[in-house]
Colleague: 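Below is the structure I would like to discuss, written out as structure tokens.
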Amino acid sequence: MAVRTTTAFERRGLSDEQLRQLFRNMLLQRQLDNRGFQLNRQGKVPFALGSEGHEALQAGAAMAFERGKDLLAPYYRDLGLCLGVGLTPYEIMLSIFAREADHNGGRQFPNHYSSKATGILSFSSVLAAHIPHAVGAAYAIQYRNESGRAVLCTNGDGTTSEGEWHESLNFAAVHKLPIVFLVENNLWAISTPIEKQMAQPEIWKRAVGYGMPGKRFNGFDPVETYACVKEALERARSGGGPTLLEGMCYRFLAHSTDDNDMTYRTKDEVTEHRKSDPVPRFEAKLVEAGIMSEADVAAMKKDVLRETNEATDRAEAMPFPKAEDLYTHVYEGAWQPWQ
Amino acid sequence: MAVRTTTAFERRGLSDEQLRQLFRNMLLQRQLDNRGFQLNRQGKVPFALGSEGHEALQAGAAMAFERGKDLLAPYYRDLGLCLGVGLTPYEIMLSIFAREADHNGGRQFPNHYSSKATGILSFSSVLAAHIPHAVGAAYAIQYRNESGRAVLCTNGDGTTSEGEWHESLNFAAVHKLPIVFLVENNLWAISTPIEKQMAQPEIWKRAVGYGMPGKRFNGFDPVETYACVKEALERARSGGGPTLLEGMCYRFLAHSTDDNDMTYRTKDEVTEHRKSDPVPRFEAKLVEAGIMSEADVAAMKKDVLRETNEATDRAEAMPFPKAEDLYTHVYEGAWQPWQ
Amino acid sequence: MAVTTSKMTASSQTMNNVEAVRATLYEALKNDDRIIILGEDVGARGNVFLITKDFIDEFGPQRIIDTPIAEASIVGIAVGMAMEGLRPIAEIQFADFIYPSFNQIVGEAAKTRYRSNGEYTCPLVIRTPYGGGVRGALSHSVSVEALFYHVPGLKIVAPAFPADVKGLLNAAIDDPDPVLFLEHKKTYRLIKGEVPSGHYTIPIGKANVLKEGTQLSVVSYGLYVHWALEAARALEGDGLSVEVIDLRSIRPMDRTTILNSVEKTRKLLIIHEDNKFGGIGAEISAMVAEEALFNLDAPIRRLCAPDVPAMGYAETLEHEFMSSPEKMAKAMREMVAF
Amino acid sequence: MAVTTSKMTASSQTMNNVEAVRATLYEALKNDDRIIILGEDVGARGNVFLITKDFIDEFGPQRIIDTPIAEASIVGIAVGMAMEGLRPIAEIQFADFIYPSFNQIVGEAAKTRYRSNGEYTCPLVIRTPYGGGVRGALSHSVSVEALFYHVPGLKIVAPAFPADVKGLLNAAIDDPDPVLFLEHKKTYRLIKGEVPSGHYTIPIGKANVLKEGTQLSVVSYGLYVHWALEAARALEGDGLSVEVIDLRSIRPMDRTTILNSVEKTRKLLIIHEDNKFGGIGAEISAMVAEEALFNLDAPIRRLCAPDVPAMGYAETLEHEFMSSPEKMAKAMREMVAF
Ligand SMILES: Cc1ncc(C[n+]2csc(CCOP(=O)(O)OP(=O)(O)O)c2C)c(N)n1
Ligand SMILES: Cc1ncc(C[n+]2csc(CCOP(=O)(O)OP(=O)(O)O)c2C)c(N)n1
Ligand SMILES: [Mg+2]
Ligand SMILES: [Mg+2]
């Protein structure tokens, strides 16, 4: 289908097809999120963590990512990003169900997606620990003169307080590495509001200190996100060095199924932010711009549900890791009890 | 003696007496520095480390410090600062000679001065590790409502790359703590030049990111240093929160007696910076302004040499720690072999 | 079970370990305004296990500090507070996140007194939940005691019973030196017990003989000491007499209690959740091999986790990693029969 | 002294340990352009011991990276490089400064393979000079091996002889898993020896019997293995036959060589510079107490530093902290006489 110009919103070069794809990623993300929480309520999985509120940001950023070229160093809230760069709902579900076929073999918490084939680095639950890894990967790319490639590295607002975040940005700037640091600022770090995390809440302003460009954008807008991340990634891919991006969003849900956010923030606050919920908002925009009809939307939602159901059923039917799997991949080769 | 106005230079409210005191600190610092290197060459001590080039910065900063009130969290290059806030040359020499009567009981490397009575915190050789301590001390001051007190915390330019530096500044800003972070930027971290340490060499610009005031000043000028540090300390003492200061100076010597700087920088570079050597420069200014005569200067130098000699002789005559001292102060109370 | 306490009052209350930590912290905050609690989400959220719930309302945000996510500075700032006369209690949200603060604990807190020749001290408590069996996966399950117990200047306690939690936490808070206070998160709500009212301390460095026995000494701590006790009690029916010692303190370690027990039973089984190589059991075993070798009628045995990096998230993996009262009973039988 | 090497060529050269590290790194850089050296002052300064002197001129600043002073990221960035196919060799300037990178070593490097179920690996070498006797005072003298040896997923070597330095460093570089490579700084220039030419490796995890003997097994490593050898040789004159084993690798540990030796001599003395409680000696002793208790004719003894935070700067303090060939000989005599 040819690209049409619409007046409804800036499409930043995205085709209708791409805009629909963005929206589909957002829908799928929310559906999979819900599924995790449902499964937890049903007692089928002990833990789930959602990224509601991050859908636009993640869908937009993922669209700027070049599959087969770029690398992604995500954090646990990046279900949508990981989907967007190529992970399948089935792979997501394998992680949620901790099945043997999961990339991590059911070893890690859910939401700790990694996949070498997809270019997603492995990370742990220790916040900020993945950021130097992303920088090291960017160094490898630069060292091998693989121009046209870059690393997209994400973390939450709270994680910027860690020393490793600082060290990593500084090193990347010194070496002008092909990397984009994308902070998903949802205003909360579990129960800690941004103002207890930092005195000056505009994280992008730290870029000046490191000597790299910095930019804040509206992470509720997938198209704006796409454009900002794409610009930064292209700079990185073409030798222009790193960028610090700050996407503004909000965490609509509690931190995880282990958390009750009503102990530390008000329902009113959440409701207020819900008014800008990026999913219905983008839906309305697409419909208004004539890029999707109401029927298209309904069909897409149905299809997303179907895909989620299939992924759920398929993953659930898979076997757990075997007890003996505890002993593999400690070192290369077979495990020795005394190692 | 009454304060006279001179036209020779901005005296920023300092009396003649204070200006001479500044100068004396600078002279004493250089003399003690030289003494350490001499003793090392004589084979009397295995290690020495000098702060030539930092004299003006440290003398100026020390003069802004309020004895008996403020706290100092220094690093190993702060001989002059420690002298300026009240440590005696004898105490310095006890450290250099690792004598029993040293505040650290001869346990730490020389230049790791600490003295509870003088308000100097204890620190280790691990760079940046003392910065959170300074922040914690500032928190204690604020918590106890001890207004009129502040912490002066220093470190080198290279040390700003450490994660703990970042974490500490961020926390201090969030809590608006009474602390001044003073970076002594001498352009080198052992053999690593500033441009390999950071992409953007103006460290004070990081202040924006933390939400605190930042300022760069000429650390070769003791009076300007005094004024900048005083302003920042007064803000801190009166509830105005932290400041990031960057004093520009240069390390004239090798990093320590274990280093040969001619392997990584040129003699020309050092000579070029030597032209601005703060000690003769300040001497000339004082003489020009009529605050000191040539004879005064000569007498002061003689006196400083005498004081250094006396301190050296007195400290050298003191006993080493006893072997049994290895076992004290592990925990409170007597040491147990199985602890 | 014999709870040894230095001061024991008549009245007591049933609590679980979470409640015991909470009650002790509360009392401490009430009694000493030098005490500051700092950590991630300790304020409005009241800690992820609700240990400090509502404290911020009563004691204010100056004393209950929701820190930025920055463990090195959480401990480092607490060190500075301690050097300047406060009594900070720092929390690391999960023991797995203590690694970034390793420098401040091992390099700084543990050496403050020593390197300043006693001029400065560091009366600091670092509390953190550790241990597995809660589906915490690779990074919310680790045991960290063996990464720290080699460090002179540091004390480490790991109580298992609510009464010990209170007594040892009080002792840690009163202690003039840094104490790493390890709370097994699976025992948090699982383990209930009587906790004496009023202020009391249990000396750091004293183990507790939970059950006397004559044929085998079992030394354990944390969650596993409960399972060991369960196993030992079950074996009583078969006429086996197993002594169970709760180590409680890891550094300093109660050599006397262990050696006395081994002298009596002539056999030693050490059980811990952490992996084996270089674990706490290594020092216990080495100490006994040094001090009481000829008292032994059987090789010393360590029943520990396999030497793999962590338990996995999947139930199968967690189950394989963890021991059980059954596996412990089996080892006890084998040792007695040796 | 028997240097075991997997490939040994006729020609060799006398070198000290600094030269052995340097020569090995040089060859590695020459042969494999995936190899990157990163650390503080490794470039123009050529490392503080001049190990990498002039490398930057030959291999360029892309391969010899003078990093900012930030140990967590030195290791962390190396982990990322390793995950993406490079072969980084990270340097920590002094072992005392490894603490800030603890999270990256223990939490990340050691777990990369495991947590990704083998999808990602971490072929990384971390080199660092450790140990005392050089007037390095409190913070330039520590032994760090016991802080890491409990960690599955990590390997640790601590060679003492130039030929072993080369063989084990080559093995570490070739290894597909992270290796902590510990260089005793007092041996750097003190210890010289023949180093075979050409590329060879010594398998990680194999100890070396430096001197055979029948009356006592001594296990040591690093600087102290030289002193132990000296002491054992001196005792030969008195007719004492002491076997000296150089552990060389700390994790994995060569149980077989130790057990075989103890079976023969029936007595075990472990000597290390690091303090005792929870040190490497604890695991060696525990392993033997577990596997060979009834082969022992004397209690296992550990001759280690006292459990104080560090040696002091003053000569008196350093001397008191450190052992000596004389103190070692005394302990050996006592053990043989037992
Ligand atoms: C080093 C470390 N410290 C603490 C935690 C516990 N923790 C998990 S998520 C989280 C909050 C993170 O907040 P933010 O970075 O803003 O990300 P968000 O969850 O809001 O997306 C915390 C404190 C951790 N996982 N790692
Ligand atoms: C954590 C840590 N890493 C490395 C070192 C080794 N080291 C000692 S001084 C120094 C350079 C410090 O440079 P800078 O902060 O600029 O201070 P300067 O010496 O120039 O005053 C280094 C790398 C150390 N002491 N601590
Ligand atoms: Mg957040
Ligand atoms: Mg410098």
Side-chain angles (χ1 to χ4, degrees), chain B residues 71 73 100 102-109 112 114-117 120-126 128-144 151 153 162-175 177 321 325-326 328-333 335-336 338-339, chain C residues 33-34 36 38 61-63 65-86 88 100-101 103-104 107-124 152-155 175-178 205 251-256 283 287 291:
Chain B
L71 295 175
E100 185 180 13
D102 167 43
H103 282 281
N104 299 323
R107 289 174 174 195
Q108 290 236 60
F109 249 178
H112 289 60
S114 80
S115 162
K116 194 154 192 170
I120 305 174
L121 298 191
S122 165
F123 64 97
S124 74
S125 300
V126 184
H130 69 298
I131 305 176
H133 306 171
V135 171
Y139 195 95
I141 286 173
Q142 184 177 75
Y143 174 70
R144 291 187 297 236
V151 180
C153 175
E162 289 280 7
E164 294 187 10
W165 185 84
H166 165 72
E167 296 185 7
S168 300
L169 269 80
N170 187 46
F171 187 97
V174 169
H175 292 273
L177 295 182
D325 291 346
L326 185 73
T328 57
H329 303 302
V330 178
Y331 299 96
E332 195 189 54
W335 183 72
Q336 304 286 336
W338 45 266
Q339 258 174 348
Chain C
D33 63 12
R34 295 171 310 168
I36 302 273
L38 70 164
Q62 270 70 47
R63 297 189 67 192
I65 309 174
D66 273 321
T67 63
I69 303 173
E71 290 75 13
S73 60
I74 290 174
V75 177
I77 288 165
V79 169
M81 290 173 169
M83 285 170 83
E84 278 310 309
L86 299 184
S101 60
N103 181 41
Q104 285 293 335
E108 302 297 317
K111 294 184 177 64
T112 301
R113 180 189 289 275
Y114 195 75
R115 73 161 179 249
S116 68
N117 210 26
E119 270 198 11
Y120 283 95
T121 61
C122 189
L124 160 67
L154 199 62
K155 297 182 180 181
D175 202 280
D177 287 299
R251 183 178 190 122
M253 192 178 273
D254 187 350
R255 292 153 54 98
T256 312
E283 178 59 37
M287 187 271 286
E291 304 290 336

Colleague: Can you name the nearest heavy-atom pair linking C:G153 to B:Y331, along with the distance?
Modeller: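 Reported closest heavy-atom pair: N-OH, 3.1 Å.
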Colleague: Only counting residues at least two apart or in another chain, list the ones meeting ring-ring contact (aromatic ring centres under 6.0 Å, His included) with B:Y139.
Modeller: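 So B:Y139 forms a ring-ring contact (aromatic ring centres under 6.0 Å, His included) with B:H175.
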Colleague: Compare all side-chain heavy atoms of B:Y143 with those of C:M81 and state whether any distance is below 4.5 angstrom.
Modeller: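 Side-chain contact under 4.5 Å: no.
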Colleague: Does B:S124 form a side chain to side chain donor-acceptor pair (under 3.5 Å) with C:E108? I'd like the steps, not just the answer.
Modeller: CA-CA 7 Å; B:S124 74; C:E108 302 297 317; 2.6 Å; yes
Colleague: Would B:R107 and C:Y114 count as a cation-pi pair here, with the cationic atom under 6.0 angstrom from the ring centre and within 45° of the axis?
Modeller: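 Relative to the ring axis of C:Y114, which defines the angle, B:R107 lies inside both limits.
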Colleague: Where is the tightest heavy-atom contact between C:Y120 and B:K116, given as atom of each residue plus distance?
Modeller: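 Here C:Y120 and B:K116 meet closest at OH-CA, 3.4 Å.
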Colleague: Which region of C:P61, side chain (C-beta onward) or backbone (N, CA, C, O), has a non-hydrogen atom less than 4.5 Å from a non-hydrogen atom of chain B, or is it both or neither?
Modeller: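 Just the backbone, heavy atoms under 4.5 Å.
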Colleague: Hey, does C:Q62 have a side-chain heavy atom less than 4.5 Å from the side chain of B:Q142?
Modeller: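 Sidechains of C:Q62 and B:Q142: no contact.
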Colleague: Quick one, C:N117 and B:H103 - any side-chain contact, counting heavy atoms below 4.5 Å?
Modeller: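 No, their side chains stay 4.5 Å or more apart.
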Colleague: Would you say the side chain of C:P252 lies within less than 4.5 Å of the side chain of B:Q336, judging by non-hydrogen atoms?
Modeller: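 Counting from C-beta outward, B:Q336 and C:P252 never come under 4.5 Å.
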Colleague: Taking B:V151, B:L121, B:I131 one by one, which has the highest count of heavy-atom pairs under 4.5 Å against chain C?
Modeller: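 If we count pairs closer than 4.5 Å to chain C, B:L121 comes out on top.
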Colleague: I need the minimum non-hydrogen distance between B:N104 and C:S116, along with the two atoms involved.
Modeller: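 Distance-wise, the nearest heavy atoms are OD1-CA, 3.6 Å.
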Colleague: For residues 66-82 of chain C, pull every pair meeting side chain to side chain donor-acceptor pair (under 3.5 Å), keeping only residues two or more places apart or in separate chains.
Modeller: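 Of all non-adjacent pairs touching residues 66-82 of chain C, those that pass side chain to side chain donor-acceptor pair (under 3.5 Å) are A:K196-C:D66, B:E167-C:S73.
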Colleague: Quick one: what part of C:M253 sits under 4.5 Å from any heavy atom of chain B, side chain, backbone, both or neither?
Modeller: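 Contact with chain B: backbone only.
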Colleague: Side chain, backbone, both or neither: which part of C:I65 has a heavy atom under 4.5 Å from chain B?
Modeller: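 Contact with chain B involves the side chain of C:I65 alone.
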Colleague: Taking C-beta and beyond as the side chain, do B:E332 and C:R113 meet within less than 4.5 Å on heavy atoms?
Modeller: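 In contact.
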Colleague: Using non-hydrogen atoms and a 4.5 Å limit, figure out which bit of B:I120 sits close to chain C: side chain, backbone, both or neither.
Modeller: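 Interface part for B:I120: backbone (N, CA, C, O).
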Colleague: I'd like to check C:N103 versus B:E164 (side-chain heavy atoms, cut-off strictly below 4.5 Å). Are they in contact?
Modeller: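 Yes, side chains in contact.
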Colleague: Quick one: are C:E84 and B:I141 in side-chain contact, heavy atoms under 4.5 Å?
Modeller: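 SC-SC contact between C:E84 and B:I141 ruled out.
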Colleague: Can you tell me which portion of B:A129 sits under 4.5 Å from chain C's heavy atoms? Options are side chain, backbone, both or neither.
Modeller: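 Backbone plus side chain of B:A129, per the 4.5 Å heavy-atom cut-off to chain C.
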Colleague: What part of C:I69 lies closer than 4.5 angstrom to a heavy atom of chain B: side chain, backbone, both or neither?
Modeller: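 Nothing of C:I69, per the 4.5 Å heavy-atom cut-off to chain B.
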Colleague: Check each atom of C:A78 against the heavy atoms of chain B and say whether the ones under 4.5 Å are side chain, backbone, both or neither.
Modeller: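 Neither part; nothing is under 4.5 Å.
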Colleague: Is C:R255 close to chain B through its backbone or its side chain, or both, or neither, when contacts mean heavy atoms under 4.5 Å?
Modeller: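 Only the side chain of C:R255 comes within 4.5 Å of chain B.
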Colleague: Examine whether an atom of C:D33 lies under 4.5 Å from a heavy atom of chain B, and if so say whether it belongs to the side chain, the backbone or both; otherwise answer neither.
Modeller: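 For C:D33, the contact with chain B is made by backbone and side chain together.
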